[in-house]
Number of protein chains: 2
Amino acid sequence: MDADKVFKALGDPTRRRLLDLLCEKNGQTLGQLCENLDMARQSATQHLDLLEAANLVNTVKRGREKLHFINPVPLHDIYERWVRKFERQRLSLLHDLKQELEGGDQ
Amino acid sequence: MDADKVFKALGDPTRRRLLDLLCEKNGQTLGQLCENLDMARQSATQHLDLLEAANLVNTVKRGREKLHFINPVPLHDIYERWVRKFERQRLSLLHDLKQELEGGDQ
DNA sequence: TTGACATGCAGGTATTTACCTGCATATTAT
DNA sequence: ATAATATGCAGGTAAATACCTGCATGTCAA
């Protein structure tokens, strides 16, 4: 998993909207997705390319159409690497903060 | 939670490194964090400002020092909004894909 | 086969980003 | 008080980003 590509892909409202659109109806074509976006088709393509590079979306060509499918694996990897780690320390971090505010270096 | 700020904050290796550094030892000063970064202090400040704007880091001033603490709440929100949703549909998505590959429009 | 349709590809531009240098301010220690 | 220390603030630049327009290619249907 390339955390940089995944986070950067997620760091844009258009691309998050694309993921939501695919979550509502998986396997949509480029044209279908564009109908919901209010930008040129070519711009949407660039966003989808980034989602694909981050492996968040997989595509299949069917005739002259290109179908788009969500791949949830990178999101799960993000969870394992960047959420669980900090969740685990949640209480102890709050404890540290409280201690600092009370003068942690005594 | 501002998903845009959070994902953009996470979409940079320097800022993810800062979070890891704070995970190892919470409550570090700007100077301490800079020692591990290989860039000008002012650049690190800008990264920390973005982490703070995303509410991923909270700060406390103690004398002339500024202490930095991780706030795991936005990460948890990300999980709720962007991971669980897709995790839940994982199997059904794979099912959709398989069906498409076999000729979904029959 | 020919026209309509879905997508691919090649630039071009304005904005944002990630760094930098230089200087100012505030706190601590001698 | 003065010097050292920790951070804040104000630009300045090169690269990345998010759009766009125009044209090319490939597929389907009449």
- Item | side-chain N/O B:Ser43 vs C:dA18 OP1/OP2, d < 4.0 Å | no

- Atom-pair distance (CD on A:Gln46; P on C:dT7), nearest Å: 16 Å

- Message: Rounding to an integer number of Å, can you tell me how far A:Gln42 CD sits from D:dA18 C1'?
- Response: 13 Å

- Taking atom P of C:dC5 as reference, at what distance in whole Å does atom CZ of A:Arg62 sit? 18 Å

- Taking the side chain from B:Asn58 and the backbone from B:Ile70, do they hold a donor-acceptor pair closer than 3.5 Å? no

- Which nucleotide, C:dT21, D:dG8, D:dC19, lies nearest any side-chain atom of B:Ala40? C:dT21

- Message: Heavy-atom nearest nucleotide on DNA chain C for A:Thr45 versus A:Lys8: which residue maps closer to 5'?
- Response: A:Thr45

- In one Ile/Leu/Val/Met/Phe/Trp/Tyr side-chain cluster, 4.5 Å: B:Val57, B:Val6: yes

- Query: Between C:dC19, D:dC9, C:dT7, which nucleotide gets closest to the side-chain atoms of A:Thr29?
  - Reply: C:dT7

- Task: Whole angstrom is fine here: how far is it from CD in A:Glu52 over to P in C:dT7?
- Result: 13 Å

- Item | Atom-to-atom span, CG of A:Asp49 to P of C:dA10 - whole angstrom | 12 Å

- Query: With no hydrogens and no angle check, is any side-chain donor or acceptor of A:His68 less than 3.5 Å from a backbone partner on A:Thr59?
  - Reply: no

- Item | Most 5' of A:Thr14 and B:His68 on DNA chain D, judged by nearest nucleotide | B:His68

- Query: How close or far is atom C1' of C:dC19 from atom CG of B:Leu37, stated in whole angstroms?
  - Reply: 13 Å

- Task: Counting heavy atoms from C-beta on, name the nucleotide in D:dA18, D:dA6, C:dA18 closest to the side chain of B:Arg64.
- Result: D:dA6

- Between D:dC9 atom C1' and B:Leu48 atom CG, what is the distance in whole Å? 16 Å

- Query: At under 4.0 Å, does any side-chain N or O of B:Lys66 touch on OP1 or OP2 of D:dG8?
  - Reply: yes

- Query: How long is the line joining CG of B:Asp12 and C1' of C:dT17, in whole Å?
  - Reply: 9 Å

- What orientation do B:Trp82 and B:Phe7 show, parallel under 30°, tilted 30 to 60°, or perpendicular over 60°? perpendicular

- Message: For A:Asp4, is there an ion pair with B:Arg16 - N to carboxylate O distance below 4.0 angstrom?
- Response: yes

- Query: If you pin A:Gly11 and A:Glu65 to their nearest nucleotides in DNA chain D, which one's is more 5'?
  - Reply: A:Gly11

- Looking only at D:dA18, C:dC19, C:dA18, the nucleotide nearest the A:His47 side chain is D:dA18

- Item | Options C:dC23, C:dT7, D:dC19, nucleotide nearest the side-chain atoms of A:Arg41 | C:dT7

